[in-house]
Structures are given as structure tokens and as C-alpha cells.
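In what follows, a single structure is set out as C-alpha cells and then discussed.
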Amino acid sequence: MEAVNILPEVTWVGVLIKAILILAIISALAGFGTFVERKVLAFMQRRLGPMHVGPYGLLQIAADGIKLFTKEDIIPQNANKLIFMIAPIITAATAFIALSAVPVFPDFTIPEFVPLLGGVFVPSIASDLNIGILFVLGMMAAGLYGPLLAGMSQANKWGIIGAARTAVQFLSYEVVTGLSILAPIMLVGSLSFVDFNDYQQDGVMSWMIWQQPVAFVLFLIAGFAETNRTPFDLLEHEAEVVSGYATEYSGMRWGMFFIGEYANMITVSIIAAIVFLGGYDAASAFGWLFIMLKIAFFFFLMLWVRASWPHIRPDQLMWLCWKVLMPLAVINILVTAIVMMV
Amino acid sequence: MSLEQFKNRNVGTQNYTTLDLGKSPETGMEKFTQVIKRSLKGELFVGLGVVMRTMLQALFKGDMHTVKYPFEKMPISPRYRAIHDMLRLMESGNYRCIGCGLCEKICISNCITMDTRYDENQRKEVSEYTINFGRCIFCGYCAEVCPELAIVHGPRYENASEQRAGFSLFEDMLTPIDQLNLQQEYDGFGAISPNADENIKKTPLAY
Amino acid sequence: MYEIVAFYLFSALTIGLFLVTVMSKNILYSMTSLASGMVLISGFFFILGADFLGVVQLIVYVGAIMALYSFAMMFFDATRDIKEKNTNNTLVFLLGGLTALVLVLMFAAPIYSENIQALYPMHEGVGNAQDVGIVLFTKYLVPFEVAALMLLVAMIAGIILAGKKMDESLTEDMSADDEIVRETEIEKDDK
Amino acid sequence: MIGLSHYLVISAILFSIGLVGVLRRRNLLMLFFATEVMLNAVNIAFAAISHYYNDLTGQMFAFFIIAVAASEVAVGLGILIVLYKKHGSLDLDDLASMRG
Amino acid sequence: MENLVYVALFAPFVGSLFAALFGMSERRIFVGIVASILIGIAFLASATLAYNLLMTGDVVQIRMMDWISAGDFNVSFGFVVDQISVTMMTVVSLVSTVVHIYAIGYMDHDKSFNRFFSYLSAFVFSMMVLVMSDNFLGLFIGWEGVGVCSWLLVGFWYHKPDQAREDNPSISPSWAANEAFIMNRIADLGMLVGIFILYWNTGSLQYDEVFAQLPYLSDAVLKGAAIALFIGAMGKSAQFPLHTWLTDAMEGPTPVSALIHAATMVTAGVFLVIRANPLYSMEAVEGVSFFIASLGTFVAFYAASMALVERDLKRIIAYSTLSQLGYMFAAAGLGAYWIALFHLAAHAFFKALLFLGGGNVMHAMHDELDLFKMGNLRKEMRGTWIYMTLASVALAGLPPLAGFWSKDAIIETAFNEHTYFLWGMLVLTAGMTAFYSFRQIFLSFHGEDRYTALGFHPHEMYKFVLVAMSPLAVLAVITGWFMGSYKAFIYKIGESVQYEMSAHTHHLANYLGLIVIFFAVTGIVIAYLKYARTGEKAWKRDEEKEQGFFYKLLKNQYYVPKFYEEFITKPYMMLSEIFWTKVDLKIVDGTVDSIAKFFYGAGDKTRSMQTGNLSNYLNWMAVGAVLLLTIAAVSAMIG
């Protein structure tokens with residue numbers, strides 16, 4: 001057992017490999033996510049979804065990718081071109097930077113027979129900060145600049161409205177995210193994902209969700225808002241603001257928003273799985289399978305909710321955040337603190 | 001109803017049915033209790049449950065509603081009226097059109113163009129006949145006006161084209177001679193109704 | 001090695017970005033460069049081992065403060081250049097340059113002495129967040145509470161200042177409406 | 001090796017950039033930006049001193065500076081919006097209603 | 001017991017704060033009632049403490065909190081409830097209770113009803129602090145507190161205009177208040193010096209610690225401290241030559257006169273001397289003590305003589321107060337501290353009663369105080385007449401009322417100490433006392449009706465007021481009967497307050513008493529013959545006599561106020577004028593003006609910087625900052 005815990009040294013080669021892995025795999029996963037979303041939503045509406053390209057439409061991802069890459073990159077005449085071009089990159093970049101502090105995939109050592117890279121240890125977290133959770137939250141906060149700048153630079157009123165909604169929604173729900181996750185942080189006494197994982201290793205009953213059900217629900221709701229999923233997808237709600245901040249975007253730039261959004265969804269799912277649902281069981285051989293399942297469940301939950309529930313109005317959004325969720329989160333923290341003191 | 005009446009009408013006394021939606025919350029406390037009730041009664045989860053049930057039914061009970069359209073087609077009503085068909089006489093195989101030009105005259109979107117000539121039997125014969133489906137609005141006047149029931153609306157509905165003007169030639173619409181036996185003697189628009197004979201009234205001119 | 005590379009990279013980038021902030025005529029450029037400069041400053045903090053401060057910089061400065069600024073910017077047309085009458089540019093650059101010169105001279109000279117002892121030494125094996133928390137809630141408890149109070153007051157002030165007459169349009173001429181209201185009041189009085 | 005003076009110099013340069021901005025800008029919002037630059041520059045100096053003297057006091061000051069900046073934004077933006085509502089402009093030359 | 005001490009101390013404070021809440025609002029009767037109830041509670045607490053002390057003899061001593069702690073200097077908020085202070089507490093709180101209730105009726109029509117109660121209760125609180133404190137500093141705080149409250153209360157009707165002394169012997173309330181306050185400040189300086197001397201030499205301000213060290217101090221120090229403290233006592237108790245403020249203080253509302261200027265505050269000086277009895281009993285300060293006794297005797301006579309010709313009802317009572325204070329000082333100076341204290345208590349009861357009765361008359365006569373405009377009020381104001389007569393009899397010193405026992409004891413003491421001259425003076429004064437007090441009674445309540453012609457329609461005071469006064473009346477009668485038990489009670493403190501008549505005096509006690517009674521009765525009879533009769537023999541004013549030297553001398557208070565005015569006030573005014581025109585206007589103002597002019601000029605020159613443009617200001621600010629930075633850098637380089 002102890003031999004397992006002594007991990008090899010993390011070299012910069014390993015980190016680099018990890019970064020490339022994350023970039024590659026999460027991008028792919030994000031693309032796959034679009035496919036899954038289309039499929040699942042279709043099933044929930046008694047449709048088949050993409051079926052034609054490849055078996056069961058699996059190659060639809062490739063088709064979409066080709067379409068996005070080859071599509072004309074339109075920049076409106078009066079837009080602020082530089083910012084307009086940068087904005088999608090911010091969304092994608094922040095989403096991936098956030099992932100650098102999150103444990104994605106198990107650690108492994110490249111076998112010796114591989115030329116050049118043989119024996120390099122690839123860690124599970126690209127950058128194991130001891131304030132991982134805060135870093136992820138901070139990066140997700142920085143991610144709001146993508147939609148914001150996109151909306152403001154494109155000289156389109158729907159864009160501006162979308163940007164305004166972005167600012168309002170992200171700023172507000174960041175508070176709830178932070179506060180809801182504060183109670184588990186207090187219990188664990190650390191901001192590191194690894195500590196969270198270790199805290200919940202005594203079987204299902206030691207999962208944080210049993211101790212912090214309120215925080216879990218709040219985090220989930222806030223997570224939906226942070227990744228602007230239905231029922232909180234006001235910033236690009238077609239019926240109201242055409243496509244919000246993404247109105248004038250097309251082609252790959254639009255695709256980057258898409259990838260960023262899906263990467264964010266994956267990040268939120270990973271955080272929820274690690275913080276509330278026990279994380280990965282390092283001792284068990286199937287630990288990584290379980291956490292994949294948990295992440296997949298959260299991802300599925302997002303699609304499920306999107307299929308089930310309607311939008312809410314902006315004023316309801318704000319009402320929910322400031323008058324319901326935030327007080328609940330504060331009360332939860334207080335109760336946790338009192339229980340901990342007693 | 002004149003404008004004045006319209007303005008002064010009393011909406012309340014008309015036969016509207018009001019739904020009993022219950023009292024809408026007014027005070028903060030009432031709103032709060034409403035939220036609590038709605039949250040705890042699990043109305044949200046009813047929606048989730050319904051959707052999940054639907055998915056499971058679709059996946060495992062074959063309750064999938066998708067029609068793979070180009071490969072599968074929905075059966076259409078026999079009275080469906082789409083792309084025109086030119087009929088032949090069942091007996092002789094000659095086409096029914098006598099080149100009277102009524103359809104061209106009546107076409108309100110001017111999409112029918114025809115040219116006639118006399119054939120070797122000094123019968124009038126259609127030499128050119130095109131319908132521009134880019135313009136046709138499928139009003140059905142042509143079929144209605146046709147004295148010979150030569151032009152009717154058929155069941156073909158895939159009329160997409162690559163140009164804006166999609167012309168269809170007479171021959172394209174004409175029933176192929178080898179499929180004459182498949183030609184339906186039409187219950188479609190412009191067909192004779194089953195009780196057509198009874199409805200015929202003798203005009204005074206007959207006497 | 002990393003540190004040197006990172007430091008010079010961040011330095012060059014921040015200086016460039018902040019110069020853009022200060023010099024740009026386009027408010028959107030200013031805002032963007034300022035926000036990204038702040039992200040890079042959090043990078044400085046990470047290099048310096050102040051992880052917690054770095055994250056706070058990210059969350060508060062980048063996530064909240066700059067977002068508020070950009071929110072305020074939505075009152076104007078952000079894509080249009082702002083016109084500023086720049087008189088006396090020489091004085092400005094003279095002053096700025098002089099300040100930079102003096103400060104750089106002062107700091108570049110070896111100033112740190114060996115005599116200064118750490119008041120709250122950082123412990124080995126304890127994360128920066130813990131250290132910060134301990135110091136914040138012991139020695140700086142009162143300033144911390146005062147800061148909390150200040151934020152509360154500022155929040156209330158902000159809401160009251162900005163929230164007043166929020167329903168009125170910024171561009172429409174309100175005086176006409178006022179006159180109408182006044183006239184109707186006069187009529188009422190007459191009756 | 002990067003020493004304390006490196007950080008102090010970069011902080012001083014950034015501060016001067018902020019100062020230039022403060023002096024140069026006529027638009028109130030831009031002025032706010034310039035002040036933020038100055039605050040950030042000072043924060044770097046504090047964090048660096050904190051690191052090199054192995055004393056957390058510097059970081060504490062940086063925290064309080066961030067708190068002050070947050071308050072400043074809340075109040076400042078409120079005032080800014082009120083001014084814009086009143087004058088329709090944020091240019092300081094237009095706002096000089098107290099010209100003596 | 002501790003809680004009771006706090007109740008006794010803070011109940012008036014609470015009452016004051018409560019009344020202050022309504023200070024600016026309209027008259028609310030419940031404010032007065034609440035304040036009265038709270039004072040009543042304080043009285044009950046004091047009485048319980050007194051009873052407890054009587055039964056068990058346990059002195060309650062508490063330290064509420066540390067007050068000043070600087071280096072070696074430690075003073076705490078400490079309170080002591082021993083026989084001396086409990087006597088004062090009981091008397092003060094009882095009289096205050098009665099006066100509070102009385103004031104509800106008396107101040108009935110006053111706009112500032114609530115404010116009045118706030119001040120009155122604050123005064124009681126200060127007085128309680130004064131008497132209960134266990135150190136000199138606490139005493140001093142209470143001392144100043146009662147001074148401030150007295151100033152507030154005397155000047156309560158501050159809106160009344162000033163009047164020249166020639167027109168009216170009474171002057172304006174604010175003038176009187178200021179006079180009282182300033183005169184007391186002069187005396188307080190003496191007291192402060194005394195406290196400093198004691199602290200300097202003993203290192204403490206605690207009574208017991210100070211007194212324990214007295215035997216080790218040099219004679220000069222003891223004398224200095226005794227004199228300095230006595231100067232303070234002179235001011236507060238209005239002894240010659242600082243006595244003029246007391247009669248002028250009659251400008252205040254009558255309840256104030258009854259409470260402050262008869263029963264409580266003015267006796268603080270006596271209390272101080274009694275409190276500091278170990279000091280005044282020292283061998284070394286025998287001369288000072290004798291001087292106190294002599295001065296007391298002189299004041300007793302002096303005040304009584306002025307009262308003989310006074311026409312103002314309240315002023316007569318004020319003079320009598322002065323005179324009685326003289327008696328107390330005589331006793332205290334001769335070493336008979338307990339007798340002084342006993343007279344203090346007895347005097348408080350009947351003098352308060354007298355004042356309140358006078359207030360009734362004043363109320364009835366619409367603030368007219370001239371005795372010569374009254375006469376035969378008895379038929380309209382029977383209750384008041386009975387009270388006033390009772391109090392006057394007590395004051396005159398006829399047995400078996402309170403005044404006789406205490407005053408007789410003082411006179412006896414004077415005889416016992418072989419100071420026969422003092423004895424003679426005191427006996428004579430007793431006769432004069434009887435005369436002027438009954439002169440006042442007869443002039444106001446008996447004789448011919450003179451007020452109807454002047455258009456007055458007097459009416460009796462409210463019933464509840466009369467009922468409220470009754471405890472004082474009862475006490476004015478019976479207090480004297482408990483002299484023996486009080487003696488036993490107070491003897492428990494220790495030897496310093498014990499005083500026994502020698503066998504020789506004891507033997508003659510009855511005769512001495514008879515002499516006093518004889519003088520008193522004589523005074524009454526003369527007064528009756530002269531003033532009380534009606535018809536043919538009715539009293540007439542004697543113009544010729546009023547022009548006489550003695551009459552004018554007495555009438556003008558021996559020209560002491562005039563002396564003050566001519567030789568102190570006016571020179572001081574002239575000096576101030578000189579300082580104002582020469583020093584202040586030319587030098588001080590000139591300097592300040594030139595500074596201001598400099599800045600004005602500088603501002604005028606630099607005004608062009610003030611463009612009203614924030615950007616320009618920022619530029620200037622930056623210039624300044626750069627300048628400072630450069631200076632810092634340069635100085636760092638040089639240093």
C-alpha cells in the first residue's frame with residue numbers, strides 16, 4: 001500500500017505531456033460531448049439524432065469539425081476586430097487553463113520501451129496547486145471575458161445584451177459557487193483536490209454529498225449557471241437575444257466558444273464528482289472507472305435538465321441567485337461552522 | 001361591428017372561460033412559501049422523470065418517432081395535391097390534353113406556358129408544355145378548369161430544384177406509357193365525384 | 001531558470017499591456033489589456049509563492065472588479081474611439097518618466113538589509129492559504145473586519161448611487177416628461 | 001537569479017505607467033483604469049517584499065489593497081453612472097462645473 | 001447590600017436620563033412621576049442601608065471599578081456607606097423625594113417641566129456621588145457635579161431679563177447662576193489645592209488611607225490642607241466672605257432653593273469638614289478649627305442680622321439658612337461633629353419645609369415675594385400656614401421641635417468649650433432667628449390683609465403637594481427626640497466624632513436651655529407685637545427708621561455686594577478691557593490676522609491652479625508627489 005503512495009518525481013516533460021494530453025483529449029471529448037448532447041437530446045425527444053455520418057452517426061464529430069474549420073470566418077465591419085478575434089480564444093483558453101489544476105485521467109508512467117519518453121511519469125494533475133479549487137474558480141471567473149468581450153466588440157445590440165447578461169449572470173453565480181463550495185472546504189480543511197479525494201475514501205457513506213447536501217445542490221445549480229446551460233442559458237438564448245454574444249460569430253471562432261463551453265461542463269462535472277461524490281478511489285483498481293462514471297453522470301444530468309426544463313427570465317435568475325441561493329449558502333456555511341465548533 | 005362598438009365592447013361579459021389558477025402570491029412571505037412548496041413537492045423532478053421515461057421508451061420499446069425521410073416516407077393522403085400529373089386515356093393511351101389553353105389562361109401565377117399545333121390528323125396537339133414550379137403556388141385552378149381531366153395534382157412532393165425556376169416538361173409529367181395500367185383514375189382534385197351523374201342538371205339549352 | 005524566464009516574460013507582457021491600457025484610445029482595448037495584465041500580475045504572485053494572493057487577484061480583480069468596469073462600459077459605445085483633449089503631453093511624460101527614473105534608481109540600488117527579521121515566518125509544510133488565514137485572523141483581524149465593513153458600505157453606496165432612478169432612460173430627454181407631470185399637477189390644483 | 005530589486009523595479013515601472021495614465025487621461029473610466037494599474041503595481045511590490053523578507057505582512061497589505069480597490073469600484077462606478085446620467089459625458093473637461 | 005448601594009446611587013441617574021429623553025418635548029406629567037418614583041426608590045434603598053447599619057454596624061465599602069490608573073496613581077470608583085454618609089444619603093434622598101413630588105405641582109405650568117426633572121435628578125445623583133464616595137477625587141467629582149446642576153437649576157429661568165440692583169434686590173436668574181458658579185470655582189480651587197496637598201504627602205486619595213497617615217505629617221502640611229479644604233467648604237456652604245451667591249441664588253425655582261440651597265448642597269461644606277474630622281481634630285490644626293467655629297458664629301450672627309430687615313420672603317429663608325450653616329460650622333469647628341451632623345439633618349427637614357411653604361406662598365401670590373404685600377394669608381392657605389409655623393417654631397428652637405434639640409446642643413457646646421463669647425453670640429442669634437422667622441410668618445399669614453388691594457387672589461396649593469410635604473413636617477417635629485439614639489448610632493464610627501459635654505456643662509444644661517428658650521420666646525413676642533396685630537395697632541412702615549444707618553447697612557447686606565462690585569468686578573472689568581484692546585486686539589489678533597492674510601494672499605496668487613478640472617488637480621498632485629519622491633531619494637542618498 002505504501003509503495004503506491006510514493007509517487008515518482010514530476011518532471012517538466014511529464015507536465016508537458018500531460019498538458020498536451022489534456023488539450024487533445026478534452027478537445028476531443030468536447031467534440032464528443034456535442035455528439036452525445038445531440039444524441040441524448042434526440043432520444044429524450046423520441047428522435048434518433050445524427051445517424052448518417054458513420055455508424056450511428058459517430059463520425060458526425062469529424063464532419064462538424066471539418067465544417068467549422070472550413071467555414072468562412074466572418075468579422076462584421078464595425079466590430080472591434082482585434083477583440084472580436086481574441087474573445088473566443090479567451091473562452092477556450094481559460095477553460096483549458098482551469099483544467100490544468102484539476103485531476104484529469106490517472107497518473108501513469110510511460111513504459112520504458114517507448115523511445116525518448118520512456119520512464120517519464122505523467123501526473124494526474126498538470127499543476128498540483130495547493131489551492132486547486134480556488135484556482136479553478138478563479139479561472140472560470142476569468143472565463144467570463146470571452147462572452148463579455150465578444151458581445152461588446154461586435155457592434156450588435158444582441159451582442160451587447162448578451163454581454164450584459166454574461167456579466168450579471170457570471171458575477172452573481174460566482175458568489176454562489178464560491179460560497180457553496182466553502183462549506184466542504186471548511187470540513188476538509190484544504191483547498192487541494194487531492195485532500196478532498198482522500199477525505200472521502202471510507203466508502204459511499206463518507207461522500208461529501210451526505211454531509212453537505214445543500215452545498216451540493218447549490219453547487220450544481222451554480223455550475224449550470226456558470227457553464228450557461230439551460231435553464232440559465234440566457235446569454236445566448238435564441239428566442240430572446242438571437243444568439244447573444246455569439247450572434248456575429250461563425251466558423252472556428254464560434255467553435256471555440258463551443259469547445260470552451262463543453263470543457264467548462266467537463267470541469268464542473270469533475271469538480272462535482274471529486275468534491276461531492278467521493279472522487280477517485282486511489283486504492284481501488286476501478287477507482288478511475290468510477291470517477292469517469294460520475295463525471296459522465298453529471299454530464300448526462302446537464303443534458304437531461306436541458307431536455308426537461310424551460311428557461312427562466314433574467315429577473316428570476318437574479319432573484320434566484322441573490323434571494324434564494326446566496327442566503328441558503330450562507331446559512332449552510334453558518335450551520336457547518338456551528339456543527340464543526342460543537 | 002363598427003369601430004366605436006369595437007372599442008367599447010365589454011370583454012368581461014363575453015363568453016370567456018377563466019381558469020382557476022389559485023391566488024397569485026403578493027407578499028414576500030407568500031412568494032417564499034410558494035417557492036418552498038414548489039421545490040419540495042418535486043414538481044421539477046416530475047419533468048425530469050417524464051423526459052427520462054420518454055427516452056427509455058424511445059430506446060427500449062421502439063417508441064421512436066423519427067422517420068428516416070429520404071429512405072422512409074410517410075404515407076400521404078390520396079387527396080394530396082402536389083406536382084402536376086398529365087394523364088392519358090386509359091383506353092387508347094393517348095394523352096388527354098386537347099391543348100385548349102384554359103389552364104394557361106387561368107393560371108394566376110403565370111407559370112404554365114403551352115404551345116399547340118395541328119398534328120397530321122388536324123387535331124390540336126400540345127407541342128410545348130412547361131410548368132415553372134418555382135412560381136407555381138399549387139392553387140389547383142388548372143386542374144379545376146381542365147375540361148378533360150388531363151391535368152391533375154399528383155402525390156409527388158419532392159420538388160426541390162437547384163435553380164430558382166424549376167421547369168417541368170409535359171413529358172416529365174405525363175404518365176409513362178408502360179405504366180398506364182398503374183395510372184389511377186383519379187379521386188384527386190379535379191376528379192369526377194362518385195355521384196357526378198346525379199348532380200348533372202340539364203340546362204335549358206338541352207331542350 | 002523557470003523563474004527567470006517567467007519573470008521576464010511576465011514583465012514584458014505586463015508592461016506592454018499596461019502601456020496599451022494607458023495609451024489606447026479605444027476603451028475596449030484598454031479594458032482588455034488591463035484585465036489580461038491583471039491575470040499576468042497574478043502570475044507574478046504565483047512565482048512569488050503567494051498562491052492565495054494570486055487566486056484572490058484572479059477572482060476579485062479579474063473576476064469581479066474588471067467585470068464591473070466592463071459592465072459600466074456598456075453605457076457607452078465601446079467600439080468607438082473616445083476623444084480626449086490631450087494637452088501638455090510633455091509634462092505628463094516628463095512626470096511619469098521622472099517618477100520611474102527616481103523609483104528605479106532607488107530600488108535598483110541595493111537597499112535590503114540583513115537586519116529585518118520576519119514577524120510571521122512562513123512555516124514549512126503549511127500551505128500559503130493556511131498561513132494567510134492564520135495571520136489574517138490573528139494580527140489583522142480588526143483591519144479585516146473593517147475591510148469587510150467597508151465593502152458592505154461601498155456596496156450599499158454603489159447600489160444607492162447607481163440604482164437611483166434606474167428606470168429612467170439615459171438618452172431620452174426627461175425634462176419634457178417632467179413638464180407634462182407638472183402641468184397635470186397644476187391642472188389638478190386648479191380643479 | 002531574480003532578486004527583490006527586480007520586482008521593485010518592475011513595480012516602479014508599472015506604477016509610473018499608471019501615473020502617466022492618471023495624468024494623461026481625461027475620461028473618467030480610463031482614469032479609473034489607470035489607478036487600478038497603480039494599485040496593481042504596488043501589490044507586486046508588497047508581494048515581493050513579503051516573499052523576500054519571509055513575512056506575510058506584505059501580502060496582508062496587498063489583500064487590503066484589493067479590498068479597497070473593490071470598494072472603490074463599487075462607489076466609483078455608482079458615481080460614474082450618476083455623472084453620466086447627469087452630464088451625458090465622462091470627460092473631465094466637461095465635468096468641470098466648479099471652475100473658479 | 002452592594003446592590004442597594006448601586007440602587008441608591010444610580011436610580012436618580014436613571015431618572016435624570018429618562019427625563020432627559022423628553023427634555024425638548026412637551027410637558028409630560030409621567031416624566032415627573034417616574035423621576036419621583038426613582039428618587040423614592042433611592043430613598044428606600046438608603047433607608048434600608050441605614051437600618052442595616054443601625055442593626056449590624058457593618059460599614060459597606062465597595063469598589064465599582066478602577067477609574068484612573070497612571071503609574072503609582074490609582075483611584076477607583078469606590079463607595080463607602082458608613083454612619084456619616086448614610087445620614088447624608090437618607091436626608092438627601094428623603095428631601096429630594098419630597099421636593100420632586102412638590103415640583104410636579106409647583107412646576108405645573110412650566111414649559112420646561114421635563115428638563116427641570118432631568119436637572120433635578122442629575123443633581124441628586126451628583127449629591128449621592130459626593131456623599132458616598134470613599135475618596136477625595138470622587139467627592140470632588142460630586143462636588144463639581146452639584147455645582148453644575150446648581151448652575152443649571154438656578155439659571156433655569158434663564159430667559160428672564162437682567163435687572164439693576166437698585167430697582168430690585170433680586171437680579172436675573174442667569175446672573176445669579178453665574179455668580180454662584182464663579183464664586184464656587186474660586187473656593188473649589190482652594191479645595192483642589194487641599195486635595196493636592198494631601199495626595200502629595202500621603203500618596204493616596206482614599207479617606208481611610210489618608211487619615212491613617214495624618215499623624216506622621218508635619219504641622220505646616222496639616223494646617224495648609226485644613227485651610228485649603230475649608231476654603232472649599234466655605235464656598236459651597238456660602239460662608240463669609242463668599243456668601244453673597246446664596247441669597248442671589250433664590251432666583252431659581254423654589255423647589256431648587258429647598259433642595260439645593262437649604263437641605264443638601266450648601267451643607268456639603270459642613271459635610272466635608274465632618275468627613276475630614278480626623279484632620280480637623282488634629283492638635284496641629286486647632287487654630288484652624290477655632291477659626292472655623294468663630295467664622296461660623298460670626299456668619300450665624302451676620303446673616304441673622306441681615307434677615308431682620310429683609311422684605312423678600314425667600315431671601316429671609318436664605319439668610320436663615322446661612323445663619324444655620326454658621327451654627328453647624330461652629331459645632332464642627334468646636335469638635336462636636338456629630339452635633340453638627342445632627343443639626344444638618346434636622347435643619348434639612350425644617351428648612352426644606354419652610355422653603356416649600358414659601359414656594360406655596362409664592363405660587364399663590366404669582367411670584368410676588370414682598371412680605372409687605374401679603375398679610376393674613378392664613379385664611380386662604382391654612383395647610384401652608386400650619387407647615388410654615390411648624391417649621392418656624394423648629395427654626396426658632398422651641399422645644400419639643402427638632403430645631404431646639406440640635407441648636408441647643410450647639411450652643412451648649414460653645415459653652416462647654418469655654419468660648420463664652422461665641423456662646424453669647426449664638427444665644428443672641430437664636431433670639432434674632434426667632435424674631436425674623438416669626439416676623440416673616442406674622443407678616444405673611446397674620447395681620448391685615450394687604451394683598452386684596454393689590455389685586456392678588458391667592459389660593460391653596462394642590463392637595464397632593466401638601467400631603468407630600470407632610471413627612472417633612474412630621475420629621476421637623478420629631479427628629480429631635482431621637483438625638484440620643486442618633487448619638488449612639490454615630491458613636492460607632494470611632495473616637496474622632498465622639499463628643500461629650502463635660503460634667504460642669506451637663507450640670508448647667510437645663511439652665512442653658514432655658515436661656516435659649518427665653519431668647520427665642522422674646523424674639524417671637526417682639527415679632528408678634530410689632531407685626532401680627534390688626535386694626536389700630538396694625539403695623540405701619542416707618543420711613544424714618546428705614547433711612548437709618550443700621551437699617552440701610554443691613555438692608556444693603558453690609559455693602560458687601562457693593563464692595564465686590566466696586567473693588568473686584570469693576571477693576572477686573574477694566575483690566576479685561578485693557579487686555580482686550582491692547583493685548584488681544586493688537587498682538588494676538590494681529591498675529592492671527594497676518595497669518596490669515598499671508599494665506600489669503602498665497603491663495604489669491606495660486607487661485608489660478610483651481611480650474612475645477614480634476615485632471616489639472618491630478619497633474620498638480622503628481623508634481624507634488626514627484627517632488628516628495630525626489631526629496632526622499634536625495635535625502636536617502638545623503639543620509
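Lettering follows sequence order; numbering is per chain, from 1. All of these numbers come straight from a predicted model, not from anything done at the bench.
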Task: Approximate separation, where rounding is to 0.5 Å, of C:F93 CZ and D:R24 CZ - done: 5.0 Å
- [ ] Could you grab the distance from atom CD of D:E72 to atom CE of C:M150, nearest 0.5 Å is fine?
- [x] 10.0 Å
- [ ] Measure C:M66 against the heavy atoms of chain D and call it side chain, backbone, both or neither at under 4.5 Å.
- [x] side chain
TODO: Measure the spacing between CD1 of D:I44 and OG1 of C:T14 and express it to the nearest 0.5 Å.
DONE: 6.0 Å
Open item on the list: Can you tell me which portion of C:L48 sits under 4.5 Å from chain D's heavy atoms? Options are side chain, backbone, both or neither.
Closed with: both
Open item on the list: What part of D:F33 gets within 4.5 angstrom of chain C, counting heavy atoms only: side chain, backbone, both, or neither?
Closed with: both
Task: Under 4.5 Å from any heavy atom of chain C - which part of D:L77 - done: side chain
- [ ] Evaluate side chain to side chain contact (heavy atoms under 4.5 Å, CB included) for D:Y7 paired with C:I47, printing each intermediate quantity in order.
- [x] CA-CA 11 Å; D:Y7 284 100; C:I47 299 176; 3.4 Å; yes
Task: Interatomic spacing from CG in D:L14 to CD1 in C:I41 - rounded to 0.5 Å - done: 6.0 Å
- [ ] Measure C:L53 against the heavy atoms of chain D and call it side chain, backbone, both or neither at under 4.5 Å.
- [x] both
Task: Evaluation steps, side chain to side chain contact (heavy atoms under 4.5 Å, CB included), between C:K139 and D:M60 - done: CA-CA 10 Å; C:K139 192 183 175 193; D:M60 296 299 128; over 6 Å; no
- [ ] Could you walk me through whether D:M30 and C:T21 pass the side chain to side chain contact (heavy atoms under 4.5 Å, CB included) test, one step at a time?
- [x] CA-CA 8 Å; D:M30 295 296 220; C:T21 306; over 6 Å; no
Open item on the list: Which atoms of D:I10 are under 4.5 Å from chain C, going by heavy atoms: the side chain, the backbone, both sets, or neither?
Closed with: side chain
- [ ] Could you look at C:A64 and say if it's the side chain, the backbone, both or neither that has a heavy atom under 4.5 Å from chain D?
- [x] neither
- [ ] Name the orientation class of the two ring planes belonging to C:Y69 and D:F32 (parallel below 30°, tilted from 30 to 60°, perpendicular beyond 60°).
- [x] tilted
Open item on the list: Testing the basics here: between D:A74 and C:A154, what is the closest heavy-atom pair and its distance to 0.1 Å?
Closed with: CB-O, 3.7 Å
Task: Atom pair NZ (C:K25) and CG (D:N27), whose distance is rounded to the nearest 0.5 Å - done: 13.0 Å
- [ ] Between chain D and each of C:A157, C:S30, C:A147, count heavy-atom pairs under 4.5 Å; write down the option with the most.
- [x] C:S30
Open item on the list: Using heavy-atom distances under 4.5 Å, tell me whether D:F63 contacts chain C through its side chain, its backbone, both, or neither.
Closed with: both
Open item on the list: Heavy-atom pairs under 4.5 Å with chain D - which of C:F10, C:Y61, C:F45 has more of them than the others?
Closed with: C:Y61
Task: Positive for side chain to side chain contact (heavy atoms under 4.5 Å, CB included) with C:F18, one of D:V20, D:I17, D:I13 - done: D:I17
Open item on the list: I need the minimum non-hydrogen distance between C:Q57 and D:N43, along with the two atoms involved.
Closed with: OE1-ND2, 4.1 Å
- [ ] Could you tell me which of D:L19, D:V68, D:V73 has the largest number of non-hydrogen atom pairs under 4.5 Å with chain C?
- [x] D:V73
Task: Euclidean distance, D:I79 CD1 relative to C:L161 CG, rounded to 0.5 Å - done: 5.5 Å
Task: Atom group of D:F61 that falls short of 4.5 Å from chain C, counting heavy atoms - done: side chain
Open item on the list: At a 4.5 Å cut-off on heavy atoms, which part of C:F7 comes close to chain D: side chain, backbone, both, or neither?
Closed with: side chain
- [ ] Just give me the residue among D:A34, D:A12, D:G21 that pairs up with chain C most often, heavy atom to heavy atom, under 4.5 Å.
- [x] D:A12
